[in-house]
Enquirer: 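Input: one structure, supplied below.
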Amino acid sequence: MLYSMTGFGRGEVKEDSTVINVEIKSVNSRFFEIFVKMPIRYTVQEEILKNIIKEDLQRGKIDVLVDISSIKSYENIIELDEEKLRGYLSVIESMKDKFEIEGELNIQNVLAIDGIFIKTEDKKIVEKFWGGIKKALDKALKSINKSRREEGKAIESDFKNRIMAINKNLKYIEASVKKRNKHIFNRLKEKTNALVNGIEKIDRKRLEQEIALLSEKYDITEECVRLKHHGKFF
């Protein structure tokens, strides 16, 4: 089956409040190139993404857009280290009892405790959505392959029609070759006779041989045979 190099595909995956979109566009190109545009924190996965695409698409200039939109912001997620906080509170209560320290612990005191808050790392966010990106990519690849296959059918049909037209005309040309060659030989003979008219010493047999060799240069039989072979090969 013939596939076109041009096409477009899109895949969408929803995970909780997050929507992941992957769009792939391909155009004709001498070289196989892949260009990926995605959120900066995911660029570490770009090569993996390209390798997945290479397995499905072998030709063309490929542009890939990965978009992740979420109601919930993952830019600055803060998590509480509950185990650490419990440890601090336990030590504080022990200190109060042991040294008879008065006073109540309030939220300002808790916020001043070092290290009880953890900022979610980019790595965790990448891991959270990487599976969704791959699912959306798979959908986009199936979509673009369908697009390229449908256009390929149209191109294949056009190629077949053109080859049929070439073969039809080739039969007409082959049927005309013999008459054409005879006509060329007679025309060359007439012109040669006019040129040598009045010359007494001339080898007529040799002259006709030279005319025959010259007329063979106009013969297109070899080209017709080659064209027929190329048509079958195509």
Side-chain angles (χ1 to χ4, degrees), residues 1-11 22-36 50-65 137-234:
M1 186 177 290
L2 189 68
Y3 280 76
S4 170
M5 270 197 284
T6 64
F8 176 81
R10 185 174 179 272
V22 176
E23 292 183 357
I24 305 176
K25 181 178 71 175
S26 66
V27 294
N28 292 344
S29 177
R30 230 178 121 189
F31 306 101
F32 182 51
E33 302 172 290
I34 303 174
F35 301 93
V36 179
K50 285 183 177 180
N51 288 331
I52 294 171
I53 294 166
K54 283 177 184 177
E55 291 178 7
D56 261 88
L57 310 176
Q58 284 81 40
R59 299 194 68 193
K61 177 179 173 288
I62 316 295
D63 286 298
V64 183
L65 174 64
L137 176 63
D138 183 61
K139 288 183 178 182
L141 286 170
K142 286 177 180 176
S143 176
I144 192 173
N145 272 324
K146 182 182 178 183
S147 170
R148 282 160 56 124
R149 185 168 60 248
E150 288 174 353
E151 189 169 314
K153 284 180 182 178
I155 294 171
E156 184 177 349
S157 177
D158 180 69
F159 279 152
K160 285 179 178 178
N161 289 335
R162 290 175 186 273
I163 292 169
M164 285 172 65
I166 290 170
N167 289 335
K168 185 180 178 180
N169 284 290
L170 188 57
K171 287 180 181 178
Y172 170 78
I173 291 167
E174 286 178 317
S176 306
V177 166
K178 290 182 180 179
K179 291 180 182 179
R180 180 177 177 273
N181 288 349
K182 188 176 180 181
H183 172 72
I184 290 170
F185 177 80
N186 290 332
R187 192 175 64 183
L188 287 171
K189 189 175 179 181
E190 287 173 8
K191 286 185 177 181
T192 306
N193 284 333
L195 286 171
V196 299
N197 188 30
I199 301 174
E200 295 180 1
K201 292 182 180 182
I202 191 148
D203 188 339
R204 291 285 172 180
K205 188 175 181 180
R206 177 62 186 275
L207 181 61
E208 288 192 3
Q209 287 177 345
E210 292 295 331
I211 294 170
L213 288 170
L214 187 61
S215 65
E216 281 182 7
K217 290 183 179 180
Y218 291 90
D219 186 25
I220 59 169
T221 303
E222 181 185 347
E223 283 72 18
C224 289
V225 171
R226 289 176 62 202
L227 182 55
K228 194 184 294 182
H229 170 71
H230 285 308
K232 288 179 180 178
F233 180 74
F234 191 91

Enquirer: Would you say that Leu141 contacts Ile52 through its side chain, given a criterion of any heavy-atom pair below 4.5 Å between the two side chains?
Expert: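 Touching, per the 4.5 Å side-chain cut-off.
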
Enquirer: What closest approach, in Å, do Gly7 and Ser147 show between heavy atoms, and which atom pair accounts for it?
Expert: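 In terms of heavy atoms, the two residues are closest at CA-OG, 3.4 Å.
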
Enquirer: If I compare all heavy atoms of Ser29 with all of Gly60, which pair ends up nearest, and what's the gap?
Expert: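 Closest heavy-atom pair between Ser29 and Gly60: CB-C, 3.9 Å.
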
Enquirer: Distance check, rounded to the nearest 0.5 Å: Asn169 atom CG versus Met164 atom CE?
Expert: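 Answer for the CG-CE pair, Asn169 versus Met164, is 12.0 Å.
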
Enquirer: Hey, could you give me the CG/NZ distance between Leu65 and Lys25, rounded to the nearest 0.5 Å?
Expert: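 One gets 10.0 Å once the value is rounded to the nearest 0.5 Å.
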
Enquirer: Looking at Asn145 and Tyr3, what are the two nearest heavy atoms and their distance?
Expert: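 Shortest heavy-atom contact: O-CE2, 3.6 Å.
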
Enquirer: Please report the closest heavy-atom contact between Arg148 and Met5, naming both atoms and the distance.
Expert: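 The answer is NH1-O, 3.2 Å.
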
Enquirer: Hey, is CZ on Arg59 packed in by over 12 heavy atoms from elsewhere, all under 6.0 Å?
Expert: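 No, because the 6.0 Å sphere around CZ of Arg59 holds 12 heavy atoms or fewer from other groups.
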
Enquirer: Write down the atom of Ser26, the atom of Ile144, and the distance for their closest heavy-atom approach.
Expert: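 Taking every non-hydrogen atom into account, OG-CD1, 3.6 Å.
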
Enquirer: Testing the basics here: between Gly9 and Ser143, what is the closest heavy-atom pair and its distance to 0.1 Å?
Expert: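 Reported closest heavy-atom pair: CA-OG, 3.3 Å.
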
Enquirer: Using a 4.5 Å cut-off on heavy atoms from C-beta on, say whether the side chain of Asp158 contacts that of Arg162.
Expert: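 In contact.
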
Enquirer: Can you check whether Leu57 reaches Ile24 side chain to side chain, under 4.5 Å on heavy atoms?
Expert: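 The answer is yes; the side chains approach within 4.5 Å.
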
Enquirer: Atom CG of Leu2 and atom NZ of Lys160: how far apart are they, to the nearest 0.5 Å?
Expert: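 Here the rounded value is 9.5 Å.
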
Enquirer: Tell me, yes or no, whether the heavy-atom count around Lys50 atom NZ, taken from other residues, nucleotides or ligands under 6.0 Å, exceeds 12.
Expert: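 Buried by this count: over 12 neighbours within 6.0 Å.
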
Enquirer: Any chance you could measure Glu174, atom CD, to Asn167, atom CG, to the nearest 0.5 Å?
Expert: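 The CG atom of Asn167 is 9.5 Å from CD of Glu174, to the nearest 0.5 Å.
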
Enquirer: In the structure I gave you, are the side-chain heavy atoms of Leu137 and Ile53 within less than 4.5 Å of one another anywhere?
Expert: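 Side chain of Leu137 against side chain of Ile53, heavy atoms only: contact under 4.5 Å found.
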
Enquirer: Flag the pair Phe32 / Lys54 as yes when at least one side-chain heavy-atom distance between them is below 4.5 Å, and no otherwise.
Expert: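 In short, these two side chains touch, coming nearer than 4.5 Å.
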
Enquirer: In Å, rounded to the nearest 0.5 Å, how long is the span from CD1 of Ile34 to CG of Asn51?
Expert: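 Atom-to-atom, Ile34:CD1 and Asn51:CG are 8.0 Å apart.
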
Enquirer: Side chains of Arg149 and Lys146: does their closest heavy-atom pair fall under 4.5 Å?
Expert: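 They are in side-chain contact.
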
